[in-house]
Amino acid sequence: MPELLLFLHNFFQTLQLVCRMANFKEYKTLNLPEIDKEILQFWETQKIFDKSVNQRSLDNSFVFYEGPPSANGKPGIHHVMARTIKDVFCRFQTLKGKRVERKGGWDTHGLPIELSVEKELGITKEDIGKKISVDDYNKACRETVLRYKDLWDNITQQMGYWVDLENPYITFENNYIESVWNLLKKLYDKNLLYKGYTIQPYSPAAGTGLSSHELNQPGTYKDVKDTTIVAQFKMLKNEQSAAYFKGAEEGEVHFLAWTTTPWTLPSNTALTVGPKIDYALVQSFNQYTHKPIQVILAKGLVGKQFSGKYEAAENQNDLNNYQPGDKKIPYFILKEMKGSELVGIKYEQLMPFALPYENADQAFRVIPGDFVTTEDGTGIVHTAPTFGADDAMVAKKAGVPAMLVLDKDDNPVPLVDKQGKFRPEMGDFAGKYVKNEYYKNPPEKSVDVELAIKLKEENKAFKVEKYAHTYPHCWRTDKPVLYYPLDSWFIRATACKERMYELNKTINWKPASTGEGRFGKWLENLQDWNLSRSRFWGIPLPIWRNEDGTEEVCIGSIEQLQQEVEKANAALGLNQSVPDDLHRPYIDDVVLVSPSGKEMRRELDLIDVWFDSGSMPYAQWHYPFENEEKFKRNFPADFIAEGVDQTRGWFYTLHAIATMVHDSVAFKNVVSNGLVLDKDGKKMSKRLGNGVDPFATLDKYGADATRWYMISNSPPWDNLKFDLAGLDEVRRKFFGTLHNTYSFFALYANIDGYQYGEENIPLEERSELDRWVISLLNTLVKETEGHFADYDATPATRKIQNFVNDQLSNWYVRLSRRRFWKGEFTKDKKAAYQTLYECLLTVTKLMASVAPFYADFLYKNLTDKGSGFKESVHLEDFPEVNDNYINKNLEQQMDYAQRISSLVLSLRKKEKIRVRQPLGKILLPVLDEGFKNQVEKVKDLVLAEVNVKELEYITETEGVIKKKIKPNFRTLGRRLGPNMKLAAQTLGKFGQNEIAELEKAGGFDLNLPDGSVERLGLEDVEITSEDIPGWLVANDGPLTVALDVTMTDQLLAEGTARELINRIQNIRKESNFNVTDRIAISIEKHEAVESAVSLFGNYICNETLATDLQLMENLTEGQNVSLATDVDIKMNVVRREG
RNA sequence: GCUGAUGUGGCCAAAUUGGUUUAAGGCACUCGCCUGAUACGUGAGCGAUUAGUGGUUCGAAUCCACUCGUCAGCACCA
């Protein structure tokens, strides 16, 4: 009886017994979402997360920081991505024995929350304090912040993200705020906090400054046409500038400077030139007044500015012929100079409406600036420090004052007020809006146009024209934004720039380019951190000042505030107390007293919400007021991960605060993941409707398939093109195959009553196949551990997948099947079980961090009835590598077997010979003994796999192998260098004889062009077999296989017999016979089957459990069967009773 | 505009960091295979001047320069 049927026989005999003693649960289908639910419940009831953390010792921590999401918005699929990465490495470290506490957190402040509240209440910022009290407004914010907390909790749970949501830090809580205040106080004490006047985007129409975030809303930059002026600034004569006045008509020389915002011209206090730029002194005539002029501008822009009416003159004398009204105006370059030569020259104020209230003598001169380009304009930049950030910067550096005048309260203010109107100092222009858009009924001529006319009349305008460019607009009012100086509190980040840069070098960035590039460059060009936000819902700046700003106090704790309040109460006769809620408006009511006895009120600003989140390492523990030990144990973080968009957000704020306050990094390793795009690579957006619902995805595909897909598809720092088809593939290919492999194991293990815990059969007593797969397994463990430890999970998942699919399932199990069928529980069978079991069990641990649900499911199925196991795979230790088990030789052997099989199958396919047809032999050219020995060990596997009778080695002595030779580039390249080409050519021309000679001599002398001789040894060349003339041959790299397709009668008959068996078995199955039923077979007499029946009758009967097989003429009953093309026969199969 | 990443068959993607793997593998496609744990499986096949151009080198998908495309960040300033 063939093995299979024997096995089936046993199977049914023992079925009942088996059912009772089944150790391993069997499943019909794989339902990942179902498994998710089951495992989720298990984790919850058994508190597996807690156990996984608490079973590890406190002094072996791996510190992770959770970047707090805002629960004000719904979670998206990209959050699943980011959190998968966090989870993977935290789980991995847990398996490696680390204690990984993960405190969750919520970001609760900030603009998005204010916006959504305003939208819901149907109000705008202006209404706050009017239509709605600040008090009510803040209450509404507080209620909104955790609006979607449930959804977040759900996604967290459903995706299997382990984070402590029981005790999260929440940024609006007083404890959190107190810690933040403490940090601010420390910065204040280090003199790193100051109030400054800077140029910020400001919307006069809305009366508020705008953050860069607001300015980057879609649609804020619009194309506009503005009146632009190239103005003439009259140079003053002194020692330095005297040279430029030689021969100047009327003794006037002008600088030309261009502006797209003429309304800033009255505020001009400097002209900026590029020190390295070449400038030219040009003689010509003004096109509006026709007066002779001599002007200075960048040499490279002369042609651009002197275009249209202007025409280059041959020589200076041509200029004398010019008459006003001539069509062409001549110009001539008199002199050239470097920008650096111009620096320091003074000029006459262009529009003398006012003077800076301080250091006016330092104004109106030429200063250097690196930002000056010669792309457009004149290469000389009109500089109004009150209305340009660059302007303010270079002016400050050069000691040039800004155009600030004193208002009626003696406060310095710019010439434009906060409504966007010119101040009274501006004479005829006073009270006019600087942008026509600010008027309800705009006048015909804008301020820009009027200024242009005025300058033209005064011979101060060189050119006036319309210019199209993009300009930022307030996203709320749609009106243009002004760059306007505002009072703000700053953190002097620039003071710690170098230290931040140094510390950053010690951080392991994934990918490295983000750390060096995006983050490194950012640190190099670091600006002071503008902390101020004039908003309502956020952490209030804890600084109180007296009215003139001469006295101030920075509060660093509630206790200090308490003391100050008491002091103030005593001094001022008040009865205040520290408010229960540290937010506005309550905190604004607190009045403190200065050392000199004056009232101090809080600076009304809130702080940037980014400071909130950057404070989390300290504030999450309410440090330093509590938990000092805990904080010390958890600082800095070993690992954080967020999207790249956090580079200048959270990553920076963490780094900055840690550097400035603790002179330390905040994190040692950071993974910044890319965006999640739709399958076509487009950004997901509500507008396009191409977003992927994370809940629906998890419901349908399960968390593991989603996570596995995200990690394995591409390195997380590349953008991920999220395609549901990919999820499906992962589910089918990886999880499906793994599940089937387990099912196979469970099926037979239960039948045999296999149980783990039996004595392990020593590896050396197991078969080649077993030792091979164990070797691969150990290699896999080694490699995956390396990848995970290096925060690079993608190759780990790919290797696990390859192992499971191609090696374990499709090779080991397939080739081992017969061992599992065998009736008796032999040692070999036991070895097979143990091997497969060990592979599966190890795989659960390797995959557990990426696919926590299925891994645990499988682990539990494998270990349920065993002893000495953990409750969950997540309480396990990562597998240890056993280097002794790794046998590269064995891996090589099996690789040969797989490739030879594949080559033979490919040849069969080409010749259209099906595998069922046995063939005589395979010829394998052997170039060295080692190869032969390796193949010999897997010979039987190969022959069985490809249904060939024998494998014959042919060696060179037989002279039938056609060989190919090529140089070993790796060894030779370094030695030969430029002569490499010669070597390749020479070897390329080698015929069979030359190759044979080289082999015999063990080398070859290569004559080099310089007359010297280089000896090439055998290790310097690669000789492969290429062909066996007269045979059917296929190659795969160095492997060559020939197949003997000669068909003997014997082989043909056997092939036909196997075809017959196949058809008979089909009939058995169609007829619903029991697998143990005996049958009788009648076959219509046909010459195609005669020899098969006569030679292999017994074989056919054995395989089909037939007791009788006859060839009959004129068979009347039975069915028609197609045996081969053109061979149709009739066959009758009947069940034998009894 | 500036900076950075990226560009490999229709699609997703490898390539030990410069040493010809025949430029891997998968999906899709074509042609096979249901007695065998998997047809949500499996075998074979088709399909690529590695975006383009130039350079460095004995040797380039890999390094350099430029161009083009995609994405992101930073600007929009006279």
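Keep in mind the model is a prediction, meaning the values are calculated, not measured. Naming convention: chains lettered A, B, ... in sequence-line order (proteins, then strands); numbering from 1 in each chain.
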Distance-only donor-acceptor hits, side chain of residues 1032-1041 of chain A, under 3.5 Å, sequence neighbours excluded:
| residue | atom | partner | partner atom | Å |
| --- | --- | --- | --- | --- |
| Asn1035(A) | ND2 | Glu1026(A) | O | 3.4 |
| Asn1035(A) | ND2 | Thr1040(A) | OG1 | 2.9 |
| Asp1036(A) | OD2 | Arg899(A) | NE | 2.9 |
| Thr1040(A) | OG1 | Ser1025(A) | O | 2.6 |
| Thr1040(A) | OG1 | Ser1025(A) | OG | 2.9 |

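Regarding contacts with the backbone of rG45(B), a side-chain N or O of Ser906(A) is found under 4.0 angstrom from either OP1 or OP2. Look at Asn810(A) and you won't find any side-chain N or O under 4.0 angstrom from OP1 or OP2 of rU38(B). An OP1 or OP2 oxygen of rA37(B) is reached within less than 4.0 angstrom by a side-chain nitrogen or oxygen of Tyr748(A).
Here, rC46(B) and rG32(B) have their C1' atoms 14 Å apart, quoted to the whole Å. For the C1' atoms, the distance from rG59(B) to rG18(B) is 8 Å, rounded to whole Å. Using C1' as the reference atom, rG55(B) and rC74(B) are 31 Å apart when rounded to the nearest Å. Annotation: rA72(B) and rA14(B) have their C1' atoms spaced 25 Å apart (nearest Å). Taking the P atoms as reference points, rU50(B) lies 12 Å from rU8(B), given to the whole Å. Distance check on atom C1': rU57(B) versus rC31(B) gives 45 Å, rounded to whole Å. rG47(B) and rC27(B) have their C1' atoms separated by 13 Å, given to the nearest Å. Using C1' as the reference atom, rG1(B) and rG26(B) are 41 Å apart when rounded to the nearest Å.
Sorted by first and then second residue, the pairs that involve residues 975-988 of chain A and meet salt bridge (charged side-chain N to carboxylate O under 4.0 Å, His left out), not counting sequence neighbours, are Arg975(A)-Glu1014(A), Arg975(A)-Asp1020(A). Residue pairs meeting the side chain to side chain donor-acceptor pair (under 3.5 Å) criterion with at least one partner in residues 719-732 of chain A, sequence neighbours excluded, are Asp728(A)-Arg731(A).
Using cut-offs of 30° and 60° on the angle between ring planes, the pair His382(A) and Phe233(A) is parallel.
Both Val372(A) and Leu905(A) lie near RNA chain B, and the one whose nearest nucleotide falls closer to the 5' end is Leu905(A). Nearest-nucleotide assignment on RNA chain B puts the 5′-proximal partner with Trp811(A), out of Trp811(A) and Thr29(A).
Minimum atom distance to the side chain of Lys981(A) is reached by rG59(B), of the listed rG45(B), rG59(B), rU38(B).
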Leu1016(A)/Leu972(A) under side chain to side chain contact (heavy atoms under 4.5 Å, CB included): CA gap, chis, key distance, verdict: CA-CA 8 Å; Leu1016(A) 309 190; Leu972(A) 274 182; 3.7 Å; yes
Using the side chain to side chain contact (heavy atoms under 4.5 Å, CB included) rule, take Ile1079(A) and Arg1068(A) through it: C-alpha gap first, then chi angles, then the decisive distance, then the call. CA-CA 9 Å; Ile1079(A) 56 169; Arg1068(A) 283 186 64 115; 4.0 Å; yes
Might you work through the side chain to side chain contact (heavy atoms under 4.5 Å, CB included) test for His78(A) and Phe722(A), ending with a clear yes or no? CA-CA 10 Å; His78(A) 55 289; Phe722(A) 191 86; over 6 Å; no
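In this structure, the CG atom of Asp806(A) is 9 Å from the P atom of rU42(B), given to the nearest Å. Atom CH2 of Trp263(A) and atom C1' of rC77(B) are 13 Å apart (whole Å). Taking atom CH2 of Trp650(A) as the reference point, atom P of rG73(B) lies 19 Å away to the nearest angstrom. Going from atom CG of Leu987(A) over to atom P of rC58(B) covers 19 Å, rounded to whole Å. The CZ-P distance, from Phe651(A) to rG73(B), rounds to 14 Å in whole Å. Rounded to a whole Å, the CD atom of Gln917(A) is 20 Å from the P atom of rA44(B). Rounded to whole Å, atom P of rG73(B) lies 17 Å from atom CZ of Phe519(A). Rounded to an integer number of Å, the gap from Arg908(A) CZ to rG45(B) P is 14 Å.
Within 4.0 Å (heavy atoms only), Thr261(A) reaches sugar-phosphate atoms of the nucleic acid but no base atom. At a threshold of 4.0 angstrom between heavy atoms, the contacts of Leu982(A) with the nucleic acid are absent.
Looking only at distances, no side-chain donor or acceptor of Ser714(A) sits under 3.5 Å from a matching main-chain atom of Leu720(A). At distances below 3.5 Å, at least one donor-acceptor pair connects side-chain atoms of Thr741(A) with backbone N or O atoms of Thr737(A).
Anti is the glycosidic conformation of rC11(B), whose angle departs from 0 by more than 90°. Its glycosidic angle being more than 90° from 0, rU67(B) falls on the anti side.
A salt bridge links Glu945(A) to Arg814(A): at least one charged side-chain nitrogen sits closer than 4.0 Å to a carboxylate oxygen. A salt bridge between Glu1059(A) and Arg914(A) is present, with a side-chain N of the basic residue lying under 4.0 Å from a carboxylate O of the acidic one. Classification of Asp790(A) and Lys510(A) as a salt-bridged pair holds, one side-chain N sitting under 4.0 Å from a carboxylate O.
Stem list for RNA chain B (at least 3 consecutive Watson-Crick or G-U pairs, distances under 3.5 Å): B:1-7 with B:68-74, B:10-12 with B:25-27, B:29-33 with B:41-45, B:51-55 with B:63-67.
For the atom pair CD of Glu26(A) and CZ of Phe744(A), the computed distance is 12.0 Å after rounding to the nearest 0.5 Å.
Here Phe745(A) and Phe24(A) bring their ring centres to under 6.0 angstrom of each other.
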Do nucleotides 11-22 of chain B as a string where each nucleotide becomes B, S or -: B if the base has a protein heavy atom under 4.0 Å, S if just the sugar-phosphate does, - if no protein is that close. -SSS-B--BB-B
Could you run down nucleotides 27-32 of chain B 5' to 3' and tag each one B, S or - for protein heavy-atom contact under 4.0 Å? S---BS
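Side-chain atoms of Ser902(A) and base atoms of rA44(B) include no donor and acceptor less than 3.5 Å apart.
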